[in-house]
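Here the structure is a predicted model, which is why all the values come from computation and not from measurement.
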Amino acid sequence: MGRFRWFRWLALVAVAALGASMLGGAPASARVRAQSNGISSTEVKVGGIVDSQAPDTGVGAQARFDEENAKGGVNGRKINLVETATDNGDPNQDLAVAKRLVEQDGVAAIVPVQSVVFQGGSYLAQQKIPFFGWGISTQFYKNPYGFGFTGSAVAPSPLKSANASWALSIDAMFRNQGDKNGAKGKAVALIAQENDSGQVGLEAGVAAAKAAGMKVVYQKASLPFPTPPSDYTPFVTQLLASNNGKAPDVIFMVTQAGVVIGLSKALSEAGYTGINTNAALYDPRAAAVSKGMTVYTQFDVPEDTANANMQKVVTALKNALGTKPITQTALAGYFGADMFIQALKKAGKNPTSQKIQQAAAKMTYQIKGVVGPTKYPASFTLASPCATLVQSDGTAYKIVAPYKCYTNISIPGGKPIKY
């Protein structure tokens, strides 16, 4: 996979595609098959759906299934990932793949799901087939069959709540560096791309910044989409003068990774020395191009060598990936599979797709100190408000705000939401 193809997949949290629901009907006979197939006395069949730019998602999921199968499976049943199908970023193809996995392959669940354009959720709910993965599509939002390991990360506009963990982890970073005021009073400029995702991300980012006590001096979804600007000078000029003619303390980019790289380079050349942050460029392959950047993730990272639970995940993924790097998408595949396994165990000795759904709908998912706690049913509308913050020195990443859970907030008002 070329550099710029996988760069797009590093922006899953910051920029998620929004689209209309594609319901897709199915005959009654297909619905009956979907509810009865996929589980025997020795096997549980699942299938995955991912974008072609995230191929290691399936590797991550298989690594977790291999761990469980090596111990005999769940109540004597081995988990069989029959296919990790790709949707090629096409919602129409995505729906067709979901139908094939259910109606032809007879899977009991869809694991993992990882696509910003995923539009199979409404169909799967009709079929009573649960799906597990990274909730970066609106199909997870208010869907009783959709389970994100960090909750529902993408809500449709207008937003009623926001995950404040980005801004609050920035606050923690400042405090860890000896600034007793943290982010309070710091001037922040937020910039996004001219699309629905950019607007929603901007709205959420502004609310989070205010919740952390930051002073928002700039908020525009002005960067062109889908074609990046050929000249970043006008945007740099505006950003560097946004704080009453001065540069802001913090800049947050709600953009695709390629735009982060281009705008960051232009800012650096213009002399910007503040905190340049994004949710796009955590990846071992991106350490060089993200030099000096502060990057937000929704879960712990392999650099946390003191965390035994994280290192267990690292070991499993290294065994599966070999010499390939551990990426966000590989981690996400592992977490989606682990969440499914926890739900399958809670479904009892005679599980069905419906029992798995019922168990997941009232469970709290976590790997302590690594991901979650993600609480259902609250997470049908909310994200798990946890985060890690890292900085790149051009060679590797260093943790500047360790994994911690913060809060969701209301929009408007910015009041903490009980989770």
Side-chain angles (χ1 to χ4, degrees), residues 1 6 9 12 16-17 24 34 37-39 43-69 73-74 77-125 127 129-137 139-140 143 145-150 153 313 316-317 320-321 324 326-344 353 356-357 360 365 371:
M1 184 184 301
W6 59 258
W9 259 100
L12 297 178
N37 276 11
I39 300 177
E43 178 187 59
V44 178
K45 290 170 63 176
V46 300
I49 301 176
V50 304
D51 188 284
S52 59
Q53 297 181 37
D56 49 2
T57 307
V59 178
Q62 188 65 61
R64 180 64 187 96
F65 292 147
D66 286 346
E67 281 185 307
E68 202 65 28
N69 289 340
V74 177
R77 296 178 178 89
K78 301 290 183 72
I79 302 168
N80 178 10
L81 179 58
V82 297
E83 181 184 1
T84 303
T86 61
D87 64 8
N88 293 314
D90 181 349
N92 293 308
Q93 186 173 340
D94 171 281
L95 183 58
V97 168
K99 287 184 174 183
R100 175 170 57 76
L101 288 172
V102 171
E103 297 174 23
Q104 295 182 25
D105 294 333
V107 298
I110 304 295
V111 194
V113 172
Q114 186 152 309
S115 172
V116 294
V117 300
F118 177 65
Q119 291 295 325
S122 297
Y123 163 77
L124 292 171
Q127 305 303 300
I129 297 294
F131 56 98
F132 297 78
W134 202 351
I136 52 176
S137 158
Q139 293 282 290
F140 285 82
N143 188 328
Y145 284 82
F147 300 96
F149 59 79
T150 58
V313 176
L317 289 174
L321 290 163
K324 294 180 180 178
I326 297 175
T327 63
Q328 280 203 78
T329 52
L331 287 164
Y334 184 97
F335 298 146
D338 186 66
M339 186 182 194
F340 169 73
I341 289 170
Q342 290 194 25
L344 179 60
S353 294
I356 295 168
Q357 182 274 336
Y365 169 69
V371 60

Original post:
From F132 CZ over to Q342 CD, what is the distance, rounded to the nearest 0.5 angstrom?
Top reply: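 The CD atom of Q342 is 10.5 Å from CZ of F132, to the nearest 0.5 Å.
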Original post:
What pairs with Y334 under ring-ring contact (aromatic ring centres under 6.0 Å, His included), at least two apart in sequence or on another chain?
Top reply: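 So Y334 forms no ring-ring contact (aromatic ring centres under 6.0 Å, His included) with any residue.
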Original post:
Under 3.5 Å, side chain of D90 to main-chain N/O of N92, donor-acceptor pair present?
Top reply: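 Side chain of D90 to backbone of N92, a donor-acceptor pair under 3.5 Å: yes, one is there.
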Original post:
Is K45 reaching over with its side chain to a backbone N or O of D105, donor-acceptor style, under 3.5 angstrom?
Top reply: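 The answer is yes, because a donor-acceptor pair under 3.5 Å joins these two groups.
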Original post:
L331 and side-chain contact (heavy atoms from CB on, under 4.5 Å): which partner among V371, T57, V313, D56?
Top reply: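 Single side-chain contact (heavy atoms from CB on, under 4.5 Å) partner of L331 among V371, T57, V313, D56: V313.
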Original post:
Among all residues two or more places apart in sequence or in another chain, which pass the side-chain contact (heavy atoms from CB on, under 4.5 Å) test with Q62?
Top reply: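 Testing Q62 for side-chain contact (heavy atoms from CB on, under 4.5 Å), a comparison that skips the adjacent residues, returns F65, D66, L81.
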Subject >> Shortest non-hydrogen contact between G60 and L317, atoms and distance >> reply: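 For G60 versus L317, the nearest heavy atoms are CA-CD2, 3.7 Å.
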Original post:
Counting distance only, does the side-chain N/O of Q139 pair as donor-acceptor with the main-chain N or O of S122 below 3.5 Å?
Top reply: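 Yes, the answer is positive, given that a donor and an acceptor are paired below the 3.5 Å cut-off.
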Subject >> Whether D51 side chain and Q53 backbone form a donor-acceptor pair below 3.5 Å >> reply: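 Yes.
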Original post:
When rounded to the nearest 0.5 angstrom, what distance separates OH in Y145 from OH in Y123?
Top reply: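 Atom-to-atom, Y145:OH and Y123:OH are 13.5 Å apart.
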**OP:** Please report the closest heavy-atom contact between S137 and S115, naming both atoms and the distance.
**Re:**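 Distance-wise, the nearest heavy atoms are CB-O, 3.7 Å.
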Original post:
In chain order, what residues pass the ring-ring contact (aromatic ring centres under 6.0 Å, His included) check against F118, with sequence neighbours excluded?
Top reply: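 With neighbours one apart ignored, the set is F131.
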**OP:** Taking N88 for its side chain and S52 for its backbone only, find out whether a donor-acceptor pair lies under 3.5 Å.
**Re:**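 No: the side chain of N88 does not pair with the backbone of S52.
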Subject >> Spacing of F340 atom CZ and R64 atom CZ [to the nearest 0.5 Å] >> reply: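 Here the interatomic distance stands at 11.5 Å.
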Subject >> Atom pair CD1/CD of I49 and Q119 - distance to nearest 0.5 Å >> reply: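 Answer for the CD1-CD pair, I49 versus Q119, is 11.5 Å.
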**OP:** Take I129 and I110 through the side-chain contact (heavy atoms from CB on, under 4.5 Å) test and state the conclusion after the steps.
**Re:** CA-CA 7 Å; I129 297 294; I110 304 295; 4.2 Å; yes
Original post:
What closest approach, in Å, do A330 and L321 show between heavy atoms, and which atom pair accounts for it?
Top reply: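 Heavy atoms only, the tightest pair is CB-CD1, 4.1 Å.
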Subject >> Nearest heavy-atom neighbours spanning G120 and D94 >> reply: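 Looks like N-OD1, 3.1 Å.
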Subject >> Taking every non-hydrogen atom, the tightest pair across V111 and V46 >> reply: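 Smallest interatomic distance, heavy atoms only, reads O-CG2, 4.1 Å.
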Subject >> CG-CD1 distance between L344 and I79, expressed to the nearest 0.5 angstrom >> reply: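 If we round to the nearest 0.5 Å, L344:CG and I79:CD1 are 5.5 Å apart.
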Subject >> Interatomic distance, N80 atom CG to I39 atom CD1 [nearest 0.5 angstrom] >> reply: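 CD1 of I39 is found 12.5 Å from CG of N80.
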Subject >> Closest contact, heavy atoms only, A316 versus E67 >> reply: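 Minimum heavy-atom separation between A316 and E67: CB-OE2, 3.6 Å.
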